[in-house]
2 protein chains.
Amino acid sequence: MNLNRTPIAVSEAVRRVISGLSKLPVETIPYTESYGRILARDLEASMDVPRFNKSAMDGFAIRAKDSEGASGENRVSFEVVAEVPAGATSRYELSEGEAFRIMTGASIPESADAVVMFEQTRQDERSFSIRKPFTSGENIARQGEECRSGDVIVPAGTLINPGTVAALATFGYKEIEVRKQPVVGILATGSELVDIDVPLEAGKIRNSNGPMVRSQLQRMNIEARMYALEADDFDTLLQRVKQMLNEVDAVITTGGVSVGDYDHLPKLYESLGAKELFNKVGMRPGSVTTVSMLGSKPMFGLSGNPSACYTGFELFARPALLKMMGHDRIFAPVLDAVLDGDFKKANPFTRFIRAEIDYREGLIYASPAGFNKSNAVTSIAKSNGIIVLPGGTRGYEKGDAIKVMMTDMTSGIDHFDI
Amino acid sequence: MNLNRTPIAVSEAVRRVISGLSKLPVETIPYTESYGRILARDLEASMDVPRFNKSAMDGFAIRAKDSEGASGENRVSFEVVAEVPAGATSRYELSEGEAFRIMTGASIPESADAVVMFEQTRQDERSFSIRKPFTSGENIARQGEECRSGDVIVPAGTLINPGTVAALATFGYKEIEVRKQPVVGILATGSELVDIDVPLEAGKIRNSNGPMVRSQLQRMNIEARMYALEADDFDTLLQRVKQMLNEVDAVITTGGVSVGDYDHLPKLYESLGAKELFNKVGMRPGSVTTVSMLGSKPMFGLSGNPSACYTGFELFARPALLKMMGHDRIFAPVLDAVLDGDFKKANPFTRFIRAEIDYREGLIYASPAGFNKSNAVTSIAKSNGIIVLPGGTRGYEKGDAIKVMMTDMTSGIDHFDI
C-alpha cells in the first residue's frame, strides 16, 4: 500500500484529469430531443434573418416619398388599397397616396418602403392621414439585418438551451449532430454500507453516496448505472470494476481511497494497468481523492466521506464528463458571495464546504453546511453550492466576502477559476 | 375586441397569477426517481445521526483516563487487543492500558471513550505510545450530535437536490411523497407559422416559439404536449383549446394576443368562460401578455414575439407551474451584474432583455441579446438569462450595475424580486 502520497494542487489535479480526455462520438438526434445536449457541429444560418423585408409594427405600408412634407398643419392622406396579414404578402404595385394595411411580421410588398404605425395616424374607413414624413426603411426589419445565410449562429461545443432550440427550429434543423452522452457506472464500496431496504445493524450505515452521485449525474442529464459488490474482497472488486469498464464510459467509486487498512483501490488500479493521475490533492475534505485512466476511460475514486464525495464529483467528474460530451464551458461558475455564518477553522489547504445558498437584494449568501453539528444533516440535505476558501487563510466570520462554486446552474465557464 | 387594455405592474400581474393557483395532488414515487421533484411532506430523521458513537479518525480507541499524565517526557503505552473495522464493533471490555485499533466510521466499543489518531502515536507491532492526554469524547462523533430521530430534515415544498437524495437514502426512505408534475399543452398560433419540415414560402416563418417553450419546460423537468391548428379560424382554435383543457394541467399559447386584426385570444377566453387575470402588463417586450384561469387551470397567452414569449414564460408560467408543484421557492434569483454592452434605449416601462451571461473574477456579466441587429440571432440563440431594467430609467452603458434574472438555475427565492 502506498502511504507516501504526495498532494498536488487542486488546479493541477483538475488539469491532469481534463487534459487526458477525448470527446465521445457524434450522433444525430431529432432537434426536439436536443435540449441540454452539446452541439457537435457549428450551427449555421440556413437563410437570411429576416428572410424578407417585414413590418416591425401593426400599421400601414407606404411609399416613403409620398409622405414628404407632412406636418401637423399639412396632414398627408393615404388610401388603403389592400391588407397584408402576417404570413402573406402582396404583389399589388402602390401608386402615389396608396397604402397597404399591414400586420407585424408580414412581408413588405415590393412597392412599399416604410411602415406607419396605427398610433401615428388619424383613420377613416378606407383612408388615413399622417402628420410627419417617413424615411425609407422606417419600421421595417430588413432582410438579413440580423444574420446572413451561412453565418455561424452557435459554435460547436455549446450547450443547447431553449434559445438554441428556437434557433434550430427557425433554421429548419429537424435533426442535429451532438456528442453522445457518457454512461457512468457507480460503485459504492465499504463494508459498513447496506442498501436502503436492509435494516441497520450496529456499525452499519446506508449507502447514501451512490444515490447522491446518481442525482449529481441526473442534474447533468447523464445516465448512471449502479453496481454493487456481493462480497468485500479484492477479487470481487476487481471483477466488478472490469465489468464496469466494459459497460460504461466512466467509472465512479466511492469509499476505499483512504489510508485505512481495508482499502483496496490503489492496488485495484495497479491490477487493471490503469494510469494513476494523482492520489492525493491539497484540499479539504477529499484529500485522498484518486483519479486514474484506463485507456480513454476515467475512473474517479471519490472519498467515502459524503462531503468529500460531493465535492470530488463537482470538481473532477463533472468537468471531465462535460469535456467528453464536447462542452466548451466545462467548469462551474465561481461567484462572489457573502458568508452567512461563521467558519472558524483555519484552512491550511483549499477548503470546499457544501453550502446552503440564498439570494437577497441581488447578492449571493452562503451558509456553510455541516459545520455546526447540531444542524449538519439538515444543512447538507439542503445544500446547493460549494463555498471555496483558499488555503493559507484563517477562520472566516459571517459577513466576510467569499467565493462560491455554483453547482446548480447549466451555464459554465471555460477555465478552472479556483 | 377590447382595445382599451389597462396595463398593470409586473409584480401585480405575477401576484394575480400566483394567488389563484392550487397545488397538484400528491403521488408516491421511488426515491431513486426523486431528483428534481418537490417534497410533499416534511422529511423527518428516522434515527439519530450518528446512529452510534463512532470514530472520526483512523487510529486507536482508548479509555481517556488511561492517558492522564502523558507527555513528551512521560509517554504512556497501550497494548492493542483487537481491531474494529468500519461496519463492525466489539463487545470486548478494555482494561487499563488496552486499546482497539479502529477505522474511521467504526462504532466505538462501549468501554472506550476517546480515539488517538495514528499520527499521534509511536507504534510497535502490538502496542503504541502517546505524548499527550486525551479527553473523553476526543475524535469521537457522538450519537445524535448531528440530528435526533424525528427532527425535520427537509421541509415540504423543497426541491429535491442531490444532497436531499442522500438524506432520503440515509434515512431509509425507499419511497416518498411528492407533488405531481403538471402536464403542459403548447399551442403556437399565427397563420405565418409553418412546421420545421415545410419549405418556407414568402411571408412564412418556422414555429420556433413552440419548441423554445417546450425546452423551457424540459429545463423544469415538465412534460409538454404539442398541439397544432389545422385551420386558422376561431372555431378550430376554440375546439383545440377545449381539447387541451381536457388533457393538460396548464395551457400555453404563443401569438394571438396583440391588437392585430387576426388575433382571437380575448374572444376565446370569453367563449370558454375563463377568468382573465390581466391582458396588458407594464413591461417591454410582452406588454400584451394575457393570463386567464379556467377553474384551477391557468392559460398563458404569451406573445408571438420570441423575446416576449421567452420572458413571459419565465416571469409568469415558471413560478405558476412551480407553485402547482408545491415548490416554496418559485421565483428565479435576481442578482447584481455588470452590463457588458451598451443599451441606449430609454425604459418607460420595466424592460426585460434576454442576455448572454458570463462569469469573470467572481462577477456576473450580462450582454443584451438581440439589441445589436447584426448579431441578434446569435446572441439570442446563446442567451441564458434576462436583464431587468427598471421602468423610468434612461439608456445604460457598458459597465453599469444592473440586475439579471437567472433562468438556468434550479435554486429559487421565495418572493418576486423585481
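In what follows, every chain begins at residue 1, and chains take the letters A, B, ... in the order their sequences are listed. Computed from a predicted structure; not experimentally measured.
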For residues [X] and [Y], report the shortest heavy-atom separation together with the two atoms involved.
X	Y	result
B/Pro162	A/Ser215	CA-CB, 3.7 Å
A/Cys309	A/Ser303	CB-O, 3.3 Å
A/Ile102	A/Ala106	CG1-CB, 3.7 Å
A/Pro50	A/Ala141	CG-CB, 3.8 Å
B/Met405	B/Ala332	CG-CB, 4.0 Å
B/Ala366	B/Ile402	CB-CD1, 4.1 Å

Please assess B/Asp48 against B/Ser149 for the test side-chain hydrogen bond (donor to acceptor under 3.5 Å, both in side chains), listing each intermediate value before the final yes or no.
CA-CA 5 Å; B/Asp48 293 345; B/Ser149 181; 5.2 Å; no
So which part of [X] gets closer than 4.5 Å to some heavy atom of chain B, the side chain, the backbone, both or neither?
X	value
A/Tyr173	backbone
A/Pro155	side chain
A/Val152	backbone
A/Leu193	neither
A/Pro211	both
A/Met406	side chain
A/Val334	backbone
A/Arg214	side chain
A/Asp417	side chain
A/Arg360	neither
A/Leu363	both
A/Lys174	both

Using only atom types and a distance under 3.5 Å, with no angle test, would you say the side chain of [X] pairs donor to acceptor with the backbone of [Y]?
X	Y	result
A/Asn384	A/Ile357	yes
A/Asp42	A/Glu44	no
B/Thr311	B/Ser307	yes
A/Ser383	A/Gly385	no
A/Arg91	A/Glu110	no

Region of [X] that comes under 4.5 Å of a non-hydrogen atom in chain A:
X	answer
B/Asn209	neither
B/Lys403	side chain
B/Leu200	both
B/Arg148	neither

Using a cut-off of under 4.5 Å on heavy-atom pairs, state which of [options] scores highest against chain A.
options	answer
B/Tyr35, B/Phe52, B/Phe171	B/Tyr35
B/Thr164, B/Val377, B/Val165	B/Val377
B/Met409, B/Lys382, B/Met212	B/Met409
B/Leu335, B/Ile153, B/Ile196	B/Ile196
B/Ala167, B/Ala166, B/Ala369	B/Ala166
B/Thr170, B/Leu168, B/Thr89	B/Thr170

Is any NZ, NE, NH1 or NH2 atom of the basic residue among B/Arg354 and B/Glu314 found under 4.0 Å from an Asp or Glu carboxylate oxygen of the other?
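Salt bridge absent between B/Arg354 and B/Glu314.
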Between the side chains of A/Arg329 and B/Asp358, is the shortest nitrogen-to-carboxylate-oxygen separation below 4.0 Å, so that they form an ion pair?
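Counted as a salt bridge, because a side-chain N and a carboxylate O are separated by less than 4.0 Å.
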Among [options], which residue forms the greatest number of heavy-atom pairs with chain B at distances under 4.5 Å?
options	value
A/Thr407, A/Thr158, A/Thr32	A/Thr32
A/Met47, A/Arg51, A/Arg142, A/Gln216	A/Arg51
A/Thr378, A/Ile205, A/Ile364, A/Asn305	A/Thr378
A/Ser411, A/Ala169, A/Gly362	A/Gly362

Heavy-atom count around B/Asp195 CG within 6.0 Å, excluding the residue itself: above 12?
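Not buried by this count: 12 neighbours or fewer within 6.0 Å.
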